[in-house]
Asks: 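Got a structure for you, questions after.
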Amino acid sequence: MEQYAIEMLHITKRFPGIIANDDITLQLKKGEIHALLGENGAGKSTLMSVLFGLYQPEEGVIKKDGVEVRINNPNDANALGIGMVHQHFKLVECFTVLDNIILGVEPNKMGFLQKKEAREKVLALSEKYGLRVDPDAKIEDITVGMQQRTEILKMLYRDNEILIFDEPTAVLTPQEIAELMQIMKNLSAEGKSILFISHKLNEIMEVADRCTVLRKGKYIGTVNTKDVTAEDLSAMMVGRNVNFHVDKTPAKPGEVVLSIENMTVASKVHKNNAVKNVSLKVRAGEIVCLAGIDGNGQSEFVYGLSGLEPLVSGKITVHGKDMTKASIRERSTVMGISHIPEDRHKHGLVLDYSLEDNLILQTYFSPEFTSKAGFLRRKNIREYANRLIEQYDVRSGQGAVTTARSMSGGNQQKAIIAREIDKAPELLIAVQPTRGLDVGAIEYIHKQLVAQRDAGKAVLLVSLELDEVMDVPDRILVMYEGEIVGELDPKKTTQEELGLYMAGAKRDEVKA
């Protein structure tokens, strides 16, 4: 009989208005990489949270090495050698990277903290697995990619043997993803057992030995990845065939909507400027993609453009109007700019607000939603929210009144996209818009971006996904160390050439 490292048998987990896991059985073999695949809201993260002790199931049992165990909290999970890298990071923002990694297992002698040996172990792990971090940097000052590495090191530091990766590549660059895939293979070869949640079928096909598919909280099946295609898996996941290629007609660029001249933005992390003298134009009826490896100034560029950070120097105009010093609300309402942010929790949502309140965050003051006496028109808000929820297939346990925090990451992302696109902006800034979304939702979002372009809007896409960079935009601008180093035509370039620009190995004289 097969010896399993972990068995989750007939697990059922309910929340108000929804059965997140409906009689699910998952068996993880020793030393295997087992993928968990499903649409946004299919119950993947909930199932892993049950295994990690964050939730208690109403029904079912968990076995480790054939013995039934009770996991009441994450400390129990850690004691059993189970570690988890969460999709939404569990990090203390004002602590350093090192402090976050050792939190809860701090080395001490006679009550005194011994950071020196902890630092040495962390640096050795980061070197061994190619997870470069600055141990002394504060979490609030580093990129989401760096935060992801911190989460992975936190798990490796504890010497866990069952490793849960919940969407680990959602915020990593193509190069970092390739490294992580190799890390997972190495960990598996060392005898560690890995549960790997991902929406990215190519990653699952590359590293997973087996794959279990969930759909709307129910178990669909478990397959050996060598026996199936990516198309087979996508059909199991969403119940239909998915088009992996973006269908679009050639762009018909019109007048310049966004013009940026010599933009410079300071860095929060070091003394050098993060964005250096950048000039570019985006026209009506085109999608321009800003590509680059994470940490090369894209985030700061968007902060400067959206008003989250002041410019050191430079000028921003929209339809010829100077908006360099405009407030965020002016950019949103007067200038017609919509912004799908990189970090949906920090800049996209108020997590403890309801879904309907999040959908009107930038329009609540309009006459449609607020009376002259200053009272919210709740009936109008509910009707508006229900329309967007249906139109964008935002899945939530209690509909419009669902707390944003309780929704899956992918459905939180859909809510932000619905809000921003429904404003019918003149300029749509979309930063990592498909991060954490399943193939069906990615297909839908890409169609929405192309629809905005075809409606004569200007779209600025910022993406780390090579497939997205090659498939969606009409022009690609590559950013390296805060500068635009190349302009490429996606129809004429290759991923290899794009990669050389992203790594700084090639550089053009780029005209704005």
Side-chain angles (χ1 to χ4, degrees), residues 3-8 11 26-38 44-55 62-65 69 71 73-91 97 100-105 121-122 124-131 133 145 147-172 176-200 203-204 206-212 222 225 409 436:
Q3 177 71 56
Y4 293 107
I6 289 289
E7 294 175 88
M8 303 184 76
I11 300 293
L26 173 69
Q27 294 171 308
L28 174 67
K29 294 177 182 176
K30 288 193 171 182
E32 82 164 335
I33 301 176
H34 192 120
L36 193 57
L37 179 66
K44 308 178 300 296
S45 293
T46 300
L47 188 66
M48 292 301 95
S49 294
V50 167
L51 178 57
F52 196 58
L54 292 168
Y55 296 139
I62 299 172
K63 292 183 178 180
K64 181 172 186 288
D65 299 329
V69 293
I71 305 174
N73 54 54
N75 287 335
D76 289 350
N78 272 313
L80 290 166
I82 300 170
M84 183 169 180
V85 174
H86 300 267
Q87 180 183 4
H88 297 125
F89 312 134
K90 309 287 186 186
L91 299 170
V97 168
N100 269 280
I101 291 171
I102 66 174
L103 190 61
V105 288
K121 182 174 178 180
V122 167
L125 285 168
S126 67
E127 184 69 31
K128 179 179 178 181
Y129 294 111
L131 294 161
V133 292
Q147 291 177 32
Q148 176 71 280
R149 294 179 194 179
T150 304
E151 279 280 21
I152 295 169
L153 284 167
K154 198 163 84 174
M155 186 169 65
L156 295 173
Y157 183 84
R158 284 158 176 74
D159 301 318
N160 295 134
E161 57 191 67
I162 312 292
L163 311 180
I164 305 167
F165 287 86
D166 187 356
E167 296 285 349
T169 64
V171 293
L172 301 183
E176 289 169 333
I177 289 169
E179 288 170 8
L180 181 63
M181 297 291 107
Q182 190 56 52
I183 288 165
M184 290 170 72
K185 289 175 184 173
N186 294 345
L187 290 167
S188 172
E190 288 175 14
K192 295 188 188 293
S193 308
I194 297 173
L195 281 162
F196 171 46
I197 301 177
S198 180
H199 293 120
K200 298 177 184 175
E203 294 173 7
I204 288 174
E206 182 185 341
V207 296
D209 302 301
R210 292 191 301 150
C211 178
T212 291
T222 300
T225 49

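Quick note: numbers below take in every heavy atom, side chains included, and nothing from hydrogens, waters or symmetry partners. Predicted, not measured: the structure shown is a model, and the values here were computed from it.
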Asks: Would you mind reporting whether Leu26 and Leu51 have side-chain heavy atoms less than 4.5 Å apart?
Replies: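 Contact flag for Leu51/Leu26 side chains = no.
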Asks: Less than 4.5 Å apart, side chain to side chain, heavy atoms only: is that true for Asn160 and Met84?
Replies: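 Counting from C-beta outward, Asn160 and Met84 never come under 4.5 Å.
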Asks: List the steps, then state whether side-chain contact (heavy atoms from CB on, under 4.5 Å) holds for Ile101 with Thr150.
Replies: CA-CA 7 Å; Ile101 291 171; Thr150 304; 3.9 Å; yes
Asks: Could you state the interatomic distance from CD (Glu161) to CD1 (Ile6), rounded to the nearest 0.5 Å?
Replies: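 Atom-to-atom, Glu161:CD and Ile6:CD1 are 8.5 Å apart.
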Asks: Might you point out which heavy atoms bring Cys211 and Thr225 nearest each other, and give the distance in Å?
Replies: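 For Cys211 and Thr225, the tightest heavy-atom pair comes out as CB-CG2, 4.1 Å.
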Asks: Salt bridge check: are Lys44 and Asp166 linked by an N-O gap of less than 4.0 Å?
Replies: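 Salt bridge absent between Lys44 and Asp166.
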Asks: Grab the two heavy atoms, one from Ile194 and one from Ser188, that are nearest each other, plus how far apart they are.
Replies: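 That closest heavy-atom pairing would be CD1-N, 4.3 Å.
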Asks: Please answer whether the main-chain N or O of Lys90 pairs with a side-chain N or O of Lys154 as donor and acceptor at a distance below 3.5 Å.
Replies: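 Yes, the answer is positive, given that a donor and an acceptor are paired below the 3.5 Å cut-off.
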Asks: Not counting sequence neighbours, which residues clear side chain to side chain contact (heavy atoms under 4.5 Å, CB included) with Asn186? List them please.
Replies: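 Asn186: side chain to side chain contact (heavy atoms under 4.5 Å, CB included) contacts with Gln182.
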Asks: Do Met8 and Leu195 come within less than 4.5 Å of each other through their side chains, counting heavy atoms only?
Replies: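 With C-beta onward as the side chain, the pair stays apart.
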Asks: Is it the case that more than 12 heavy atoms not belonging to Phe52 sit under 6.0 Å from its CZ atom?
Replies: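 Yes, CZ of Phe52 has more than 12 neighbouring heavy atoms, counting only those of other groups under 6.0 Å.
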Asks: Which pair of non-hydrogen atoms, one from Leu153 and one from Ser126, has the smallest distance, and what is that distance?
Replies: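 Minimum heavy-atom contact is CD2-N, 3.8 Å.
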Asks: Once you round to the nearest 0.5 Å, how far does CG of Leu28 lie from CD1 of Ile33?
Replies: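 If I round to the nearest 0.5 Å, the distance is 10.5 Å.
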Asks: When you compare the side chain of Val122 with that of Val97, does any pair of heavy atoms fall below 4.5 Å?
Replies: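 Contact flag for Val97/Val122 side chains = no.
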Asks: Strictly distance-based, threshold 3.5 Å: is any side-chain N or O of Ser49 a donor or acceptor partner for the main-chain N or O of Ser45?
Replies: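 Present.
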Asks: Exactly one of Leu47, Thr222, Ile164 should register a side-chain contact (heavy atoms from CB on, under 4.5 Å) with Leu36. Which one does?
Replies: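 Only match with Leu36 under side-chain contact (heavy atoms from CB on, under 4.5 Å): Leu47.
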Asks: For the atom pair CZ (Phe165) and CD (Glu151), what is the distance rounded to the nearest 0.5 Å?
Replies: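 Answer rounded to 0.5 Å: 11.0 Å.
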Asks: Could you check whether any side-chain heavy atom of Met184 comes within less than 4.5 Å of a side-chain heavy atom of Glu206, counting everything from C-beta outward?
Replies: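 Met184 vs Glu206: side chains apart.
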Asks: Quick check: do His34 and Lys29 have side-chain heavy atoms less than 4.5 Å from each other?
Replies: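 A side-chain contact under 4.5 Å is absent here.
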Asks: Can any side-chain N or O of Ser193 pair as donor or acceptor with the backbone N or O of Glu32 at less than 3.5 Å?
Replies: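 Flag not set: sc Ser193 to bb Glu32 has no pair under 3.5 Å.
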Asks: Do Tyr157 and Lys121 touch side chain to side chain, with heavy atoms closer than 4.5 Å?
Replies: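 Tyr157 vs Lys121: side chains touch.
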Asks: Tell me whether Glu127 at atom CD has more than 12 heavy atoms from other residues, nucleotides or ligands lying less than 6.0 Å away.
Replies: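 Open: at most 12 neighbouring heavy atoms sit under 6.0 Å from CD of Glu127.
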Asks: Of all the heavy-atom pairs spanning Lys192 and Leu163, show the shortest one and how long it is.
Replies: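 Of all heavy-atom pairs spanning Lys192 and Leu163, the closest is CD-CD1, 3.8 Å.
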Asks: Let me confirm one number: the CD1-NZ distance from Ile71 to Lys64, rounded to the nearest 0.5 Å.
Replies: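 Atom-to-atom, Ile71:CD1 and Lys64:NZ are 9.5 Å apart.
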Asks: Checking the side chain of Ser198 only, and the main-chain atoms of Glu167 only, is there a donor and an acceptor separated by less than 3.5 Å?
Replies: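 No, Ser198 side chain to Glu167 backbone: no donor-acceptor pair under 3.5 Å.
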Asks: Counting C-beta onward and ignoring hydrogens, is there a side-chain heavy-atom pair between Val50 and Ile62 closer than 4.5 Å?
Replies: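 Sidechains of Ile62 and Val50: in contact.
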Asks: Can you check side-chain contact (heavy atoms from CB on, under 4.5 Å) on Leu187 and Leu156, steps first, answer last?
Replies: CA-CA 10 Å; Leu187 290 167; Leu156 295 173; 3.8 Å; yes
Asks: Would Val105 and Asn78 count as a side-chain contact (heavy atoms from CB on, under 4.5 Å) here? Give the steps.
Replies: CA-CA 10 Å; Val105 288; Asn78 272 313; over 6 Å; no
Asks: In Å and rounded to the nearest 0.5 Å, what is the CG to CD1 distance from Leu125 to Ile152?
Replies: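 Separation between the atoms: 12.0 Å.
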Asks: Looking only at atom types and distance, does a side-chain atom of Asn73 sit under 3.5 Å from a main-chain N or O of Gly53, one as donor and one as acceptor?
Replies: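 Not at all, since once roles are kept as given, no pair shorter than 3.5 Å links the two residues.
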